Amino acid sequence: MPIRVRFAPSPTGVLHIGSVRTALFNWLFARHNGGEFLLRIEDTDKLRSTYENTKLIFEILEWLCIDWDGNPVIQSERLERHKEVAFELVNLGKAYYCYCSSEELALKKEKALKSGMQYKYDGTCREKIGKIEGKTPVIRLKTNFDGDTTVHDMVQGEVTVKNSQLDDLVLLRSDGSPTYMLSVVVDDHDMDITHVIRGDDHLTNTFRQLQIYEACGWKAPDFGHIPLIYGPDGAKLSKRHGAASARDYQGLGYLPETIFNYLLRLGWSHGDDEIISRMDAIRWFDFDNVGKSPSRFDMMKLQNLNAHYIKERDNKSLLDYIIPFLGCEISDIQQGNILKGMNSLKEREKTAVGLAMSARIYISAPDTFDEPCQKYSSKIHLSLLEKVVHIIDEMDPLVEESLCNSVKLLAEKNNIKLVEIAQAMRGALCGKLTSPSVFEIIEILEKEESIKRIRSFINHFETRF
RNA sequence: GUCUCCUUCGUCUAGUGGUUUAGGACACCGCCCUUUCACGGCGGCAACACGGGUUCAAAUCCCGUAGGAGAUGCCA
């Protein structure tokens, strides 16, 4: 039987980066084994599910090139089927109507907790037969409490739970809607899912779901529960840690290939390999090398990886990538200039946001000169800049190397270190003291713009004297 | 409380009884390169949670303890 897996996010919140990893592992498992990767939107919680969140799931998966087979299954469209199964189980005597009110149960639960007892549904309605008119029941599964259940988890290994630990879970709510437990089992079965790969938080749910499979007489799929992702403090990764949703990382300027590689390495390894291509990931992925322990999200490592992938991307594709981050329209000439300077720009930036910021030097002259720049605005510096302007003006053709040599000569003649002139030039051209080579910038900006910027720096500070 | 899972440098991890003075990566520190910031190169710091077993031999197997996480919903 060919392998069929699914990614089943719920659109009740923005897609979590941990969910993205679950999707990735499912996808890799399918692609590695030549199986199918299906998508199911679990939108049965109508109140909290939104169209935006659903759209986001598609967008993020597409962004990461995690493609799914066939059309996504929309869980809410399958409500009738879920109900049908619930009623069938009642007819089969495997489930029953329960008329206990949530208030009653809450009370019992509170009491049990107070006395330090384990709370379980006490089975009040278990042996009652039939319906009571005028009351809306829930449907509960008649759990088999005998013996124990063992799952052979692809990640966690053998896990055994005593069935007596379980209780009669609700399959259908009093409003007639199916619970998550019922829906997943029915859908996974109907979709012919062979392997359920999901977050660790579902491990104990598995034993409840296995009871449903049993009651329906269905063969259960294999399971793989991958550990969750935590924040730097060891608690579940959330907004509190700065960024928890996949969209956040996109907005922070991380490339899809970075997220792909980082998430893959978080909890999975292939010897000492750190940089892993999509092709190799598909070739190498297996569950033997998925770790059992939860991992913390490390921003610094993510950044380092991103820097790597920025350097690896070709310049044109990087330019296209950063345009939305620029927040302004740019002309063809400006685009051309950024492209010319891209080699130097990209080797010093860690994110698309940073890259866009530094690319601004090719879009417009600085409108302010930051504090450190002003150190290079003394009379001496300004007079040297005048000379630099002269050099630029005279030079034809204006090329980086000869310009550099001329300025070096100028520094020697004036018995001053090159860094003094270079930094003043940097301040004038960029408004800040970090940038690629000033000589490269001038070559790209060309004579007129370079001189204009340096002159404007001189004028700006000259007024002080 | 009960049940389940987890535990190698600060972090991600390699390691599946002897090849290990426990390897790599990020971070950190130092040096080199250098017109700044980066990049890059070289070097350094740094870990088997604890206690018992099993064994000629244990990070690796077993049992406890401690710590952490998850589940315990008419949420998913």
Side-chain angles (χ1 to χ4, degrees), chain A residues 8-13 42-45 47-49 75 98 100-102 105-106 109 112-120 137-140 153 155-157 159-162 165-167 169-175 177-181 183-184 199-208 225 227-228 230 232 234-236 262 265-275 288-289 291-305 307 311 344 346-350 358 372 404 407-408 411 417-427 430 432-439:
Chain A
S10 142
T12 51
E42 304 216 324
D43 59 342
T44 50
D45 187 339
L47 280 175
R48 294 189 297 147
S49 297
Q75 195 164 54
C98 168
C100 300
S101 71
S102 7
L105 295 175
K109 184 175 179 178
L113 250 37
K114 260 187 191 160
S115 59
M117 299 282 291
Q118 177 191 6
Y119 171 76
K120 278 171 60 178
V138 301
I139 291 180
R140 284 184 188 272
D153 195 276
V155 179
Q156 308 292 340
V159 183
T160 302
V161 164
K162 287 191 187 74
Q165 288 298 323
L166 274 21
D167 68 353
L169 68 262
V170 173
L171 298 173
L172 213 63
R173 302 188 186 99
S174 51
D175 66 358
S177 66
T179 61
Y180 163 76
M181 294 289 174
S183 310
V184 246
D200 211 352
D201 48 342
H202 288 292
L203 182 59
T204 45
N205 282 337
T206 305
F207 297 92
R208 292 169 231 287
H225 288 93
L228 266 23
Y230 295 90
K236 228 177 178 174
Y262 182 76
R265 274 289 289 111
L266 205 58
W268 177 84
S269 60
H270 184 265
D272 284 338
D273 292 315
E274 296 288 345
I275 306 296
D288 295 341
N289 292 305
K292 297 171 103 177
S293 55
S295 30
R296 300 181 188 206
F297 201 89
D298 184 356
M299 273 299 191
M300 296 311 282
K301 191 149 181 167
L302 182 71
Q303 237 172 55
N304 179 274
L305 244 198
K311 283 188 208 89
S344 308
K346 74 179 183 184
E347 73 178 15
R348 48 186 26 88
E349 291 303 332
K350 295 185 190 306
S358 61
C404 179
V407 174
K408 272 183 181 157
K417 280 186 181 157
L418 178 59
V419 59
E420 293 293 322
I421 304 181
Q423 286 297 71
M425 290 167 71
R426 202 181 307 278
C430 310
K432 57 189 166 76
L433 296 185
T434 65
S435 80
S437 156
V438 283
F439 307 113

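Letters A, B, ... are given to chains in the order of the sequence lines, protein chains preceding strands, and every chain is numbered from 1. Keep in mind it's a predicted model, so treat the numbers as computed, not measured.
- B:A22 and B:U2 are spaced 40 Å apart, taking the P atom of each and rounding to whole Å.
- Between the C1' atom of B:A71 and the CG atom of A:L203 lies a distance of 9 Å, rounded to the nearest Å.
- Nucleic acid contact class of A:G291 (heavy atoms, under 4.0 Å, all strands): none.
- Across every strand in view, B:U65 sits in a pair with B:A49 that passes the Watson-Crick or G-U test at under 3.5 angstrom.
- Nucleotides B:A76 and B:G44 have their C1' atoms positioned 49 Å apart, rounded to a whole Å.
- Here the closest heavy-atom approach between residue A:M425 and residue A:V407 is recorded as SD-CG1, 4.3 Å.
- Remark: B:A27 base-pairs with no nucleotide; criterion is Watson-Crick or G-U wobble with both hydrogen-bond distances under 3.5 Å.
- The base of B:G23 is paired with the side chain of A:D272 by a donor and an acceptor separated by under 3.5 Å.
- Look at the C1' atom in both B:A46 and B:C29: the space between them is 12 Å, to the nearest Å.
- Under the 6.0 Å cut-off for aromatic ring centres, A:Y180 and A:H202 qualify, their centroids lying closer than that.
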message: Does A:L169 form a side-chain contact (heavy atoms from CB on, under 4.5 Å) with A:L171? I'd like the steps, not just the answer.
response: CA-CA 6 Å; A:L169 68 262; A:L171 298 173; 3.5 Å; yes

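- No donor-acceptor contact under 3.5 Å links the side chain of A:K292 to the base of B:C6.
- Here B:A71 is the nucleotide among B:U4, B:A71, B:U35 with the atom lying nearest to any side-chain atom of A:D201.
- The 12-atom threshold is exceeded at NZ of A:K120, counting heavy atoms of other residues, nucleotides or ligands nearer than 6.0 Å.
- Distance noted for atom P between B:U16 and B:U11: 23 Å (whole Å).
- Comparing B:A58 with B:U19, their C1' atoms sit 16 Å apart, to the nearest whole Å.
- Residues A:V138 and A:T160 each lie close to RNA chain B; by heavy-atom proximity, the contact nearer the 5' end of the strand is made by A:T160.
- Side chain of A:T44, nearest nucleotide from B:A76, B:G70, B:U35: B:A76.
- Which of B:U4, B:U35, B:C37 sits closest to the side chain of A:R348 comes down to B:C37.
- B:C5 shows a glycosidic angle more than 90° from 0 and is accordingly assigned anti.
- Ionic pairing of A:E349 and A:K311 is not present here: no N-O contact between side-chain nitrogen and carboxylate oxygen is shorter than 4.0 angstrom.
- Across all strands, A:C430 comes closer than 4.0 Å to no nucleic acid atom at all (heavy-atom distances).
- On a pure distance criterion of 3.5 Å, a polar donor-acceptor pair joins the side chain of A:R426 and the base of B:U35.
- Distances shown here put a side-chain N or O of A:S295 below 4.0 Å from the OP1 or OP2 atom of B:U13.
- In this structure, the NE2 atom of A:H225 is 13 Å from the C1' atom of B:A76, given to the nearest Å.
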field: Derivation and outcome, side-chain contact (heavy atoms from CB on, under 4.5 Å), residues A:L228 and A:D201
entry: CA-CA 8 Å; A:L228 266 23; A:D201 48 342; 3.8 Å; yes

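- A straight line from CG of A:L169 to P of B:A71 spans 16 Å, rounded to a whole angstrom.
- If you measure from atom CD of A:E349 to atom P of B:A38, you get 11 Å, rounded to the nearest angstrom.
- Applying the 4.0 Å criterion to OP1 and OP2 of B:A27, one finds that A:N304 has a side-chain N or O inside that range.
- Between the side chain of A:S437 and the base of B:U35 there is at least one donor-acceptor pair of N/O atoms closer than 3.5 Å.
- A 3.5 Å limit on both hydrogen-bonding distances identifies B:G1 as the Watson-Crick or G-U partner of B:U72.
- When Watson-Crick and G-U wobble pairs are counted only if both distances are under 3.5 Å, B:G40 pairs with B:C32.
- Mapping A:D167 and A:Q156 onto RNA chain B by nearest heavy atom places A:Q156 closer to the 5' end of the strand.
- Between A:K350 and B:C39, a side-chain N or O to OP1/OP2 separation shorter than 4.0 Å is present.
- Distance noted for atom C1' between B:G10 and B:C5: 24 Å (whole Å).
- Among the nucleotides B:U13, B:A38, B:U2, the one closest to any side-chain atom of A:E347 is B:A38.
- Residue-level contact check: A:E274 touches the bases, meaning some heavy atom is under 4.0 Å from a base atom.
- Nearest to the side-chain atoms of A:R140 among the listed nucleotides B:C74, B:U35, B:G40 stands B:C74.
- Looking at A:S174, its side chain comes within 3.5 Å of the base of B:C74 through a donor and an acceptor atom.
- Closest to the A:L418 side chain, of the nucleotides B:C6, B:U35, B:C74, is B:U35.
- Of the candidate nucleotides B:G70, B:C74, B:U35, B:C74 has the atom nearest to the side chain of A:S102.
- Relative to the side chain of A:M300, the nucleotides B:U11, B:A27, B:C3 differ in distance, and B:A27 lies closest.
- Rounded to whole angstrom, the span from the CG atom of A:D298 across to the C1' atom of B:C26 amounts to 6 Å.
- Using modelled atom types, one finds a donor on one side chain and an acceptor on the other under 3.5 Å when comparing A:D153 with A:H225.
- Comparing atom distances between the A:T434 side chain and each of B:C5, B:U36, B:U11 picks out B:U36 as nearest.
- Summarising the base pairing, B:U55 is matched to no nucleotide, lacking a Watson-Crick or G-U wobble pair whose two defining distances lie under 3.5 Å.
- Between A:S269 and the phosphate of B:A14, there is a side-chain N or O to OP1/OP2 separation shorter than 4.0 Å.
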field: side-chain contact (heavy atoms from CB on, under 4.5 Å) between A:N304 and A:K350, worked out
entry: CA-CA 7 Å; A:N304 179 274; A:K350 295 185 190 306; 5.7 Å; no

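- A:R426 contributes a side-chain N or O that, together with a main-chain N or O of A:S435, makes up a donor-acceptor pair within less than 3.5 Å.
- Taking atom P in both B:A38 and B:G1, one finds a spacing of 50 Å when rounded to whole Å.
- Using atom C1' as the reference point in both B:A47 and B:C12, the two lie 13 Å apart (nearest Å).
- Whole-Å rounding puts the A:H202 NE2 to B:U72 P distance at 10 Å.
- Residue A:P372 is classed as having no contact, given no heavy-atom separation below 4.0 Å to the nucleic acid.
- In this structure, A:Y180 atom OH and B:C74 atom P are separated by 15 Å, rounded to whole Å.
- Here A:K311 lies in heavy-atom contact (under 4.0 Å) with sugar-phosphate atoms only.
- Whole-Å rounding puts the A:K432 NZ to B:C37 C1' distance at 9 Å.
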